[in-house]
Protein chains: 2
Amino acid sequence: MALEHALLVALREQPASGLELSRRFGKSIGHFWSATHQQIYKVLARMEADGWVVAETVVQQGRPDKKVYDVTPAGREALVAWLATPTPESPLRSELAVKMRGASFGGSAGRAAVLESVRQHAADHELRLDHYRHLTKRDYPDGPAGLSPLELDQYLVLRGGILLEEGQLAWLTEYLEAHS
Amino acid sequence: MALEHALLVALREQPASGLELSRRFGKSIGHFWSATHQQIYKVLARMEADGWVVAETVVQQGRPDKKVYDVTPAGREALVAWLATPTPESPLRSELAVKMRGASFGGSAGRAAVLESVRQHAADHELRLDHYRHLTKRDYPDGPAGLSPLELDQYLVLRGGILLEEGQLAWLTEYLEAHS
DNA sequence: GGTTCCATGTAAGTCGTTACATGATTCC
DNA sequence: GGAATCATGTAACGACTTACATGGAACC
């Protein structure tokens, strides 16, 4: 029940078509709320039926038409109402943690496989961390000083990405060291 | 497609009934893979049909009978096979991050509401962090030295809980400081 | 007598993923 | 000519949640 609101936020930052949204979700917001294009189309259709957004068909040359969505006043109200709603804690699910606890029951092959998974994930997290740090340097070379409220919030969400990735990496590194 | 395997791990550590499992999932493993009892019963039934587990009805005095599940050789094989499978990265979903980015579009009331949500979550994470640290002191007073492989893995998963909670807390603290 | 706990489920519905479909256009 | 991109979807399925149901035992 929250993809709708994530889309509202994205559309308030900038009106967009379904595909543009799904691409944007591959970046910024998507790091904290992923969605495929199929899902996005479905939810957009429902939001349009509910009057939260309106679509305007934009004719393009050399490309298919696209439907650019924008948020209606009703959609804005829905967003504000949602902000005031208590935020349930997102259940943290780590398949890797389950495998770590299962490694003892998998013999030497199982243990090696889990080690390999952990190594792979550590590399992934390191990569993403590099990416976030690069974004920080590029978009906020002077740190958070002098940013508008909107920019400050975007900066702080990026900081969240960095801090969470650092936590993950610290964990997996500790695991690998303990098993070496 | 992974609750099955989480249950296999839990049952290999100790055979149990559905309700006992759902209680255990409120603790240790559950911090990384939550599940309600309804879901657990359903999956256990499927696993029994698949021959991964067998149920033994245990008569109790003053209480209803319970069905204690144990893992079969086929279940053990399924667990080993799963360990060797590549581990997809669990999509990280933070409703709070979406709200942070939406706060600018919610007026002063919206911003205050988001701040309150962040404060609440920070308190929750601090509480859980205290809990994990308490568990560490109680169960591993001497650190990881001298633990069996199984205990070491349990220790390392607990360490994961601590490191991830610390990351979360650091993030939310930074947010609150930036908005004070 | 009412409430809570134990223990096992069913039913209905939402959320999300995976696979497939279409049709035009540009790139090699 | 074949592949990739743009753009929008449908269909089928599985995962997960929420609400409800049952029935006895213990607690106050």
Side-chain angles (χ1 to χ4, degrees), chain A residues 1-7 15-26 29-30 32-50 53-69 82 85-86 88-95 98, chain B residues 1-8 15-26 29-30 32-50 53-69 82 85-95 98:
Chain A
M1 198 68 88
L3 175 55
E4 276 127 304
H5 301 102
L7 290 174
S17 71
L19 197 60
E20 284 161 3
L21 280 171
S22 86
R23 270 199 284 261
R24 219 187 289 171
F25 266 61
I29 291 187
F32 291 96
W33 206 276
S34 61
T36 60
H37 74 274
Q38 295 93 331
Q39 213 185 327
I40 289 175
Y41 283 123
K42 224 181 289 182
V43 173
L44 279 176
R46 188 171 62 217
M47 289 167 76
E48 193 180 9
D50 291 346
V53 296
V54 275
E56 191 192 358
T57 302
V58 172
V59 182
Q60 301 180 110
Q61 46 193 13
R63 294 180 178 189
D65 297 356
K66 64 177 176 179
K67 285 159 73 178
V68 172
Y69 290 89
W82 174 69
T85 274
E89 44 182 335
S90 4
L92 153 65
R93 317 210 123 170
S94 171
E95 201 166 317
V98 179
Chain B
M1 196 69 88
L3 176 55
E4 275 126 304
H5 301 103
L7 290 175
L8 283 177
S17 71
L19 197 61
E20 284 161 5
L21 280 171
S22 86
R23 270 198 286 258
R24 220 188 288 170
F25 267 61
I29 292 187
F32 290 96
W33 205 277
S34 60
T36 60
H37 74 273
Q38 294 94 331
Q39 213 184 326
I40 289 175
Y41 284 122
K42 223 181 287 182
V43 174
L44 279 175
R46 187 171 62 219
M47 290 167 76
E48 193 180 9
D50 291 347
V53 295
V54 275
E56 191 192 357
T57 301
V58 172
V59 181
Q60 301 181 111
Q61 47 193 14
R63 293 178 176 190
D65 297 356
K66 64 177 177 179
K67 286 159 74 179
V68 172
Y69 291 88
W82 174 68
T85 276
T87 313
E89 45 182 335
S90 3
L92 154 66
R93 318 210 122 170
S94 172
E95 202 167 315
V98 179

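Chain identifiers are assigned alphabetically (A, B, ...) following the order of the sequence lines, protein sequences preceding nucleic acid strands; residue numbering begins at 1 within each chain.
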OP1 or OP2 of [N] versus the side-chain N and O atoms of [X]: is any pair under 4.0 Å?
| X | N | value |
| --- | --- | --- |
| A/R63 | D/dA7 | yes |
| A/R93 | D/dA15 | no |
| B/R46 | D/dG14 | no |

Sugar-phosphate, base or nothing in reach of B/Q60, heavy atoms under 4.0 Å: sugar-phosphate
Sugar-phosphate only, base, or nothing, as touched by B/K42 at under 4.0 Å among non-hydrogen atoms: base
Partners passing side-chain contact (heavy atoms from CB on, under 4.5 Å) against A/L92 (at least two apart in sequence or in another chain): B/F32, B/L164
Results of side chain to side chain donor-acceptor pair (under 3.5 Å) for A/E56 - residues two or more places apart only: none
End axis versus end axis in the helix from C/dG1-D/dC28 to C/dC28-D/dG1, the angle rounded to 10°, five pairs used at each terminus: 30°
Euclidean distance, A/Q39 CD relative to A/S34 OG, rounded to 0.5 Å: 7.5 Å
Distance, nearest 0.5 Å, that separates CG of B/L44 from CD of B/E4: 10.0 Å
From D/dT17, D/dT8, C/dT8, nucleotide with atom closest to A/L19 side chain: D/dT8
A/R46 side chain near A/V43 side chain, heavy-atom distance below 4.5 Å: yes
Side chain to side chain, B/Y41 and B/L19, heavy atoms closer than 4.5 Å: yes
Interatomic distance where CG belongs to B/D50 and P belongs to D/dG14 [whole Å]: 12 Å
